[in-house]
Amino acid sequence: MVNIIVGLIIFVIIGLSIGKVVKEKKRGTKCIGCPHGGANSNKNNCNCS
């Protein structure tokens, strides 16, 4: 029973993180987590490759 609960918690965490990445990519964010990679920022400020 405990293994099922832990598995569900891990599944929810992974699902939420994937959902966040997909949502941000649809908004046009170049680099998720980069302070200069937003959709409205100047793209030249981001040094991410």
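The residues of the chain are indexed from 1 along the displayed sequence. We use all heavy atoms of the structure for the numbers below, so side chains are in, but hydrogens, waters and symmetry mates are not.
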Throw together a table of side-chain donor-acceptor distances under 3.5 angstrom for residues 3-16, partners on residues two or more places apart or in other chains.
none

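Residue pairs meeting the side chain to side chain donor-acceptor pair (under 3.5 Å) criterion with at least one partner in residues 8-22, sequence neighbours excluded, are Lys20-Glu24. Pairs passing the salt bridge (charged side-chain N to carboxylate O under 4.0 Å, His left out) check and including a residue from residues 5-17, sequence neighbours excluded, do not occur.
With sequence neighbours left out, Lys25 forms a salt bridge (charged side-chain N to carboxylate O under 4.0 Å, His left out) with no residue at all. Applying the side chain to side chain donor-acceptor pair (under 3.5 Å) rule to Lys23 yields no partners; only residues at least two apart in sequence or on another chain are considered.
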